Amino acid sequence: MKHQWIQRVGALGLVFFSFFLESCSNTGVTEDPYIDPHIIFTSRRWWNYDIFITDIYGGHMTHLTKNKWLDFNPAVSPDGSKLAFVSDRDGGNREIYTVDLVWMDGYTQWEGRNLTNITQTQGHDWTPKFSPSNDKIVYTTFFPETDNYDVFLMNVDGTEKKNLTNSTWYEKYPQFSSDGSFIIYQAWQKGKMEIFFTNLLDENIINLTRNTQFHDIMSQGNAISPDGQKIVFTSERDGNRNIYVMNTDGTEQTQLTDHSAHDYEPVFSPDGLSIVFTSERDGNKEIYIMNNEGKNLTNLSNNSAHDWNPRYYPDNRKIVFQSLRDGPSNWEIYMMNLNGSGQTNLTNHPRTDYSFVVLPLQNP
């Protein structure tokens, strides 16, 4: 009887060992998506500027790109499956690369697979942005021989590149509307910055601000409201920088802030009901919030050091921003609640951390 029991235990052990070997031979990719929220950012904490991913609790940090060349300016697809970034790893010019973002189980946390140069041009390629449907990318190319920037559109694999602006002016910083039907971008005409609109169906180009006397400056993060009806921007038409809003056809340009100090970098919330921005009205750069009509202004960061470049977290309850509160030359990325509480250093490193994007929530 004892011998039979030993045989049964041995058989069960063999089954368990076989299962263990099969598990070890697996690549380590989990079936379930990542759970914790993450940010992707650029840092110079190794050899040169590289792309890193960290969760917002400071528990795990993944060094995604590890290269002696510059890797920076990350952009993530709306479904969180693909990362685009700018690199000069092919030599003197800067090009756009993509990798597939794979969530790993265990120590590695993240892995970037299928590294691909999707622009392969002689110029310098910048500021990639994914379309809401994940299948297109808009970006800017600088042509040194003509000292010119143009806005391009391509498939996410780099095929079917199309110059959308094709002019002698500077056109930069394109971004998609929430439904992907149009883009807006910054253009320089007659020495002044203006905001332009292009419908991707007919590719008509429209100057929205039409203000040749003063700069009108487009925010690089969520300048278009979630419903696609409004654009928030900064204008110098009143002698200093203030926040304005207008319809996406350029009508009803309305001033939201009116202060002798500069207000800039406005960004719409995910629900479109509020706007965060950077203000210098307290003698240094601070993060402010107001509703979409310019009322109920509140200083959220309220710190003696510079805080700037705010972005809403997708849950509409937190804000991510840059700060110099850990040293005059130590750029760090912080997060806080929507009321300014719980200010937390996410990157916490003596080297420069900047150029961040938020990985879309899988379980909002």
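Worth knowing before you read on, the calculation uses all heavy atoms, side chains too, and leaves out hydrogens, waters and symmetry mates. Model, not experiment: these values are computed from the prediction.
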Tell me if a side-chain donor or acceptor on [X] pairs with a main-chain N or O of [Y] at a distance below 3.5 Å.
| X | Y | value |
| --- | --- | --- |
| Ser301 | Glu286 | no |
| Ser87 | Leu70 | yes |
| His259 | Ala261 | yes |
| Asn117 | Thr119 | yes |
| Thr251 | Asp249 | no |
| Thr209 | Glu194 | no |
| Asn291 | Gly294 | yes |
| Asn73 | Thr127 | yes |
| Thr65 | Ile51 | yes |
| Asn93 | Thr121 | yes |

Legend entry - Parallel, tilted or perpendicular, as decided by the 30° and 60° cut-offs, for the rings of Phe52 and His63: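 Answer is parallel, since the angle falls under 30°.
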Inset, instruction - Show your working on salt bridge (charged side-chain N to carboxylate O under 4.0 Å, His left out) between Arg45 and Asp353 and close with a plain yes or no. - result: CA-CA 8 Å; Arg45 59 183 66 193; Asp353 302 311; 2.8 Å; yes
Side-chain heavy-atom pair [X], [Y] within 4.5 angstrom cut-off:
| X | Y | value |
| --- | --- | --- |
| His38 | Asp55 | yes |
| Leu164 | Leu200 | yes |
| Asp307 | Arg325 | yes |
| Phe233 | Gln186 | no |
| Phe321 | Lys285 | no |
| Arg281 | Leu297 | yes |
| Pro132 | Asp179 | no |
| Leu361 | Asp315 | yes |

Pairing donors with acceptors under 3.5 angstrom, does anything connect the side chains of [X] and [Y]?
| X | Y | answer |
| --- | --- | --- |
| Tyr149 | Glu171 | no |
| Asp282 | Tyr288 | yes |
| Thr347 | Glu332 | yes |
| Ser167 | Thr165 | no |
| Thr141 | Asp150 | no |

According to a 4.5 Å side-chain heavy-atom criterion applied to Ile, Leu, Val, Met, Phe, Trp and Tyr, with indirect links allowed, do [X] and [Y] form part of one hydrophobic cluster?
| X | Y | answer |
| --- | --- | --- |
| Ile333 | Met335 | yes |
| Met218 | Phe214 | no |
| Ile287 | Ile56 | no |
| Val138 | Val156 | no |
| Ile53 | Trp103 | yes |

Legend entry - Salt bridge Lys82-Asp100, side-chain N to carboxylate O under 4.0 Å: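 Answer for the salt bridge query: yes.
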Inset, instruction - Kindly determine whether Phe182 and Ile224 satisfy side chain to side chain contact (heavy atoms under 4.5 Å, CB included), including the steps that lead there. - result: CA-CA 11 Å; Phe182 66 87; Ile224 306 172; 3.8 Å; yes
Inset, instruction - Determine whether the aromatic ring centres of Tyr49 and Phe85 lie less than 6.0 Å apart. - result: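 No: the rings miss the under 6.0 Å criterion.
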Interatomic distance, [X] atom [atom1] to [Y] atom [atom2] [nearest 0.5 angstrom]:
| X | Y | atom1 | atom2 | value |
| --- | --- | --- | --- | --- |
| Ile195 | Asn211 | CD1 | CG | 10.0 Å |
| Gln343 | Ile319 | CD | CD1 | 10.0 Å |
| Asn345 | Asp326 | CG | CG | 5.0 Å |
| Trp188 | His215 | CH2 | NE2 | 9.0 Å |
| Ile243 | Asp258 | CD1 | CG | 12.0 Å |
| Gln120 | Ile96 | CD | CD1 | 12.0 Å |

[X] versus [Y], closest heavy-atom pair with distance:
| X | Y | value |
| --- | --- | --- |
| Ser77 | Asn134 | CB-OD1, 3.5 Å |
| Leu115 | Arg89 | CD2-NH1, 3.2 Å |
| Asn339 | Leu300 | C-CD2, 3.7 Å |
| Phe268 | Ile231 | CE1-C, 4.2 Å |
| Glu265 | Ser219 | C-OG, 4.2 Å |
| Gln175 | Gln220 | NE2-C, 4.0 Å |

Inset, instruction - Compute both the distance and the angle, then confirm whether Lys172 meets the cation-pi test with Trp126: under 6.0 Å from the six-membered ring centre, within 45 degrees of the axis. - result: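 No - Lys172 does not lie over the ring of Trp126 by the 6.0 Å and 45° rule.
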Legend entry - From CA spacing to verdict: side chain to side chain contact (heavy atoms under 4.5 Å, CB included), Ile289, Tyr312: CA-CA 11 Å; Ile289 191 171; Tyr312 282 90; 3.7 Å; yes
Inset, instruction - Give a yes or no on whether Gln255 atom CD has more than 12 heavy-atom contacts from other residues, nucleotides or ligands under 6.0 Å away. - result: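 Yes, because the 6.0 Å sphere around CD of Gln255 holds more than 12 heavy atoms from other groups.
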Inset, instruction - Go through Thr54 and Ile39 one step at a time and tell me if the side chain to side chain contact (heavy atoms under 4.5 Å, CB included) criterion holds. - result: CA-CA 6 Å; Thr54 183; Ile39 63 166; 3.5 Å; yes
Legend entry - Contacts of type side-chain hydrogen bond (donor to acceptor under 3.5 Å, both in side chains), residue Asn155, not counting sequence neighbours: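 Listed in chain order: Lys136, Thr159.
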Inset, instruction - Quickly, which of Val276, Ile217, Val232 forms a side chain to side chain contact (heavy atoms under 4.5 Å, CB included) with Pro266? Name it, please. - result: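 When side chain to side chain contact (heavy atoms under 4.5 Å, CB included) is applied between Pro266 and each of Val276, Ile217, Val232, only Val232 qualifies.
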Legend entry - Candidate pair His60 and Trp110, rule side chain to side chain contact (heavy atoms under 4.5 Å, CB included), full reasoning: CA-CA 10 Å; His60 297 96; Trp110 290 97; over 6 Å; no
Inset, instruction - I would like to know whether Tyr264 and Glu280 meet side-chain hydrogen bond (donor to acceptor under 3.5 Å, both in side chains); could you show each step before the answer? - result: CA-CA 9 Å; Tyr264 49 96; Glu280 298 180 4; 2.7 Å; yes
